[in-house]
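Quick notes on the structure that follows.
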Amino acid sequence: MKTAIITGGAGFLGSHLCDKLLSEGMKVVCIDNLLTGNIENISHLFLNENFSFVKHDVTNFIHIPGKVEYILHFASPASPNDYLNYPIQTLKVGSLGTHKALGLAKEKGARFLLASTSEVYGDPLIHPQDENYWGNVNSVGPRGVYDEAKRFAESLTMAYHRYHGVDTRIVRIFNTFGPRMRLNDGRALPAFISQALKNEPLSVFGDGSQTRSFCYVDDMIEGIFSLLMSDEVYPVNIGNPEEISITGFAKEIIELTGSKSEIVSFPLPEDDPKVRQPDISKAKKVLGWEPKFTRREGLRLTIDAVINAKVTL
Ligand code: NAD
């Protein structure tokens with residue numbers, strides 16, 4: 001039986017990855033310091049003998065006994081609210097945390113997969129964004145803590161690959177949504193769902209013409225797993241290219257929830273990307289992967305999950 005370590009495994013994506021790798025017949029060790037994660041995301045796994053949880057800050061030395069075949073490094077604050085609240089922790093986990101996780105992969109001879117982000121493209125000057133685009137990031141802006149941490153993490157991953165021969169993968173994750181995402185993390189999608197279900201006004205920043213592309217979590221997890229099992233060392237975009245303006249999206253959420261909410265405008269935050277859409281040609285060609293859920297299908301499943309979980313909105 002193979003063993004996988006997932007850092008950030010108690011978070012939104014990490015917990016879905018724990019489920020996926022267990023279902024693929026692996027042992028899973030989840031390492032998380034619960035900075036932005038939630039133990040509830042993995043509590044259903046505690047009786048599974050192939051699952052274990054270690055509460056640990058991965059910016060410190062990581063020791064896990066025994067054989068390890070895969071290390072998936074997902075630990076990092078990920079939403080604007082989180083990385084603006086924890087700017088130093090974000091830089092530390094992208095740099096020191098990635099260093100410690102790569103060191104462990106080298107020691108164990110394990111394959112390493114880095115969770116990178118579409119934010120490495122910054123406020124992009126080409127559209128849609130493919131993997132050859134180098135990005136347009138403001139290193140000294142407030143969002144720079146996240147974007148630069150991930151750019152450094154990619155660079156360190158390639159250095160460990162080239163210099164130490166570690167078998168590495170890099171996934172550039174575009175906006176993902178689904179059950180277990182936090183409703184108050186500052187992103188448009190959870191905020192709109194929460195506001196619409198309460199019949200409160202939906203807050204659109206700027207004139208609402210900026211675009212986003214949202215990927216349903218089940219598609220994202222399949223894409224990440226395909227990359228993990230592939231031979232591709234260079235970064236691969238995983239996301240859903242179905243693009244929509246923020247105003248169009250707010251209207252869609254109002255329609256899908258049957259809400260009485262109106263739309264109100266607020267000033268655009270600093271360095272907010274104006275467009276965002278993945279070019280997934282490489283994922284299609286190299287991994288044979290493409291998303292199966294439309295945004296509307298994913299939204300229906302997510303809204304149902306929010307209502308059925310009877311969460312306090
Ligand atoms: P999340 O906040 O739900 O999960 C991140 C997890 O990392 C949390 O459980 C948190 O407690 C843990 N963590 C943070 N710092 C840590 C540390 N020093 N030591 C140990 N654990 C630590 O976020 P998510 O949305 O699941 O994102 C997971 C990964 O995917 C992140 O690396 C993020 O940058 C990347 N990503 C996510 C998205 C998305 O749309 N959700 C988009 C692009 C990239």
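Both ligands and their constituent atoms are indexed starting at 1 by order of listing. Everything quoted here is computed from the prediction, not taken from an experiment. What's counted below: heavy atoms across the whole structure, side chains too, no hydrogens, waters or symmetry copies.
Between Ser76, Gly97, Gly94, it is Ser76 that holds the heavy atom closest to atom 14 (C) of ligand 1. Nearest to atom 16 (C) of ligand 1 by heavy atom, out of Asn33, Leu72, Val54, Val120, is Asn33.
Taking atom 23 (O) of ligand 1 as the reference point, the nearest protein heavy-atom neighbour is Ala78 CB, 3.4 Å. Nearest protein heavy-atom contact of atom 40 (O) of ligand 1 is Thr176 N, 2.9 Å. Of the protein's non-hydrogen atoms, the one nearest atom 11 (O) of ligand 1 is Asp32 OD1, 2.6 Å. Counting only heavy atoms of the protein, atom 2 (O) of ligand 1 lies nearest to Thr36 OG1, 2.7 Å. Scanning the protein heavy atoms around atom 39 (C) of ligand 1, the nearest turns out to be Arg187 NH1, 3.3 Å. Taking atom 31 (C) of ligand 1 as the reference point, the nearest protein heavy-atom neighbour is Phe74 O, 3.3 Å. What sits closest to atom 19 (N) of ligand 1 on the protein, heavy atoms only, is Val58 N, 3.0 Å.
Below 4.0 Å from some heavy atom of Asn175 lie the following atoms of ligand 1, by number and element: 40 (O). Atoms of ligand 1 found under 4.0 Å from any heavy atom of Leu34 (numbered from 1 in listed order, with element): 11 (O). Taking a cut-off of under 4.0 Å to the non-hydrogen atoms of His56, the atoms of ligand 1 that pass are 19 (N), 20 (C). Applying the 4.0 Å criterion to heavy atoms of Ser116 picks out, from ligand 1, the atoms 44 (C). Atoms of ligand 1 lying under 4.0 Å from any heavy atom of Leu13, numbered from 1 in the order shown and given with element: 26 (O), 30 (O), 37 (C), 41 (N). Ligand 1 places these atoms under 4.0 Å from at least one heavy atom of Lys150: 31 (C), 32 (O), 33 (C), 34 (O). Less than 4.0 angstrom separates some heavy atom of Gly37 from each of these atoms of ligand 1: 8 (C), 9 (O), 10 (C), 11 (O).
To the nearest 0.5 Å, atoms CG (Leu13) and CE (Met220) are separated by 7.0 Å. For the atom pair Tyr121 OH and His127 NE2, the distance stands at 13.0 Å (nearest 0.5 Å). With rounding to the nearest 0.5 Å, the separation of CD1 in Ile71 from CD1 in Ile31 is 8.0 Å. From Leu21, atom CG reaches atom OG1 of Thr3 across 11.0 Å, with rounding to the nearest 0.5 Å. Note that the CD1 atom of Ile280 and the CG atom of Asn240 stand 7.0 Å from one another [nearest 0.5 Å]. One distance of note links CD of Glu107 with NE2 of His63; it measures 7.5 Å at 0.5 Å rounding.
Counting heavy atoms closer than 4.0 Å to ligand 1, residue Ser118 contributes nothing at all. Counting heavy atoms closer than 4.0 Å to ligand 1, residue Tyr146 contributes side-chain atoms (C-beta onward) but none from N, CA, C or O. Of the heavy atoms in Val93, only side-chain atoms (C-beta onward) come closer than 4.0 Å to ligand 1.
For ligand 1, the polar-atom distance check against Gly14 finds no nitrogen or oxygen pair separated by under 3.5 Å. Taking distance alone, with nitrogen or oxygen atoms compared against 3.5 Å, Phe12 approaches ligand 1 more closely than that limit. Every N/O-N/O distance between Asp82 and ligand 1 stays at or above 3.5 Å. Taking only nitrogen or oxygen atoms, main chain and side chain alike, Asp57 reaches within less than 3.5 Å of ligand 1. Taking only nitrogen or oxygen atoms, main chain and side chain alike, Ile173 does not reach within less than 3.5 Å of ligand 1. Backbone and side-chain nitrogen or oxygen atoms of Gly11 are examined, and one is located within less than 3.5 angstrom of a nitrogen or oxygen of ligand 1. Checked by distance only, ligand 1 and His73 stay at 3.5 Å or farther apart across all their nitrogen or oxygen atoms. Not one N or O of Pro77 is nearer than 3.5 Å to an N or O of ligand 1, by distance alone.
Enclosure of atom NE2 in His56 by more than 12 non-hydrogen atoms of other residues, nucleotides or ligands within 6.0 angstrom is indicated. Remark: Lys20 NZ is packed, more than 12 non-hydrogen atoms of other residues, nucleotides or ligands lying under 6.0 Å away.
A salt bridge is absent between Arg172 and Glu131; no separation between the charged side-chain nitrogens and carboxylate oxygens falls under 4.0 Å.
Put simply, no part of Thr7 is less than 4.0 Å from ligand 1, judged by heavy atoms. For Glu119, the closest heavy-atom approach to ligand 1 does not fall below 4.0 Å.
Pairs of residues two or more places apart, or lying in two chains, that qualify as side chain to side chain donor-acceptor pair (under 3.5 Å) and include a residue from residues 30-45 are Asp19-His44.
Counting only heavy atoms from C-beta outward, the side chains of Ile221 and Leu17 approach each other to under 4.5 Å.
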Item to check | Worked verdict on Glu119 versus Arg143 for salt bridge (Lys or Arg N to Asp or Glu O under 4.0 Å) | outcome: CA-CA 9 Å; Glu119 301 298 332; Arg143 303 173 69 106; 3.2 Å; yes
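Ring-centre distance between Phe249 and Phe192: below the 6.0 Å cut-off.
Under the 3.5 Å distance criterion, with hydrogens and angles disregarded, a donor-acceptor pair is assigned to the side chains of Asn199 and Ser259. Under 3.5 Å, the side chains of Asn81 and Ser79 contain no donor-acceptor pair of N or O atoms. A donor-acceptor contact closer than 3.5 angstrom links the side chains of Ser203 and Gln195.
Residues that satisfy the side chain to side chain donor-acceptor pair (under 3.5 Å) test with Glu200, not counting sequence neighbours, are absent from this structure.
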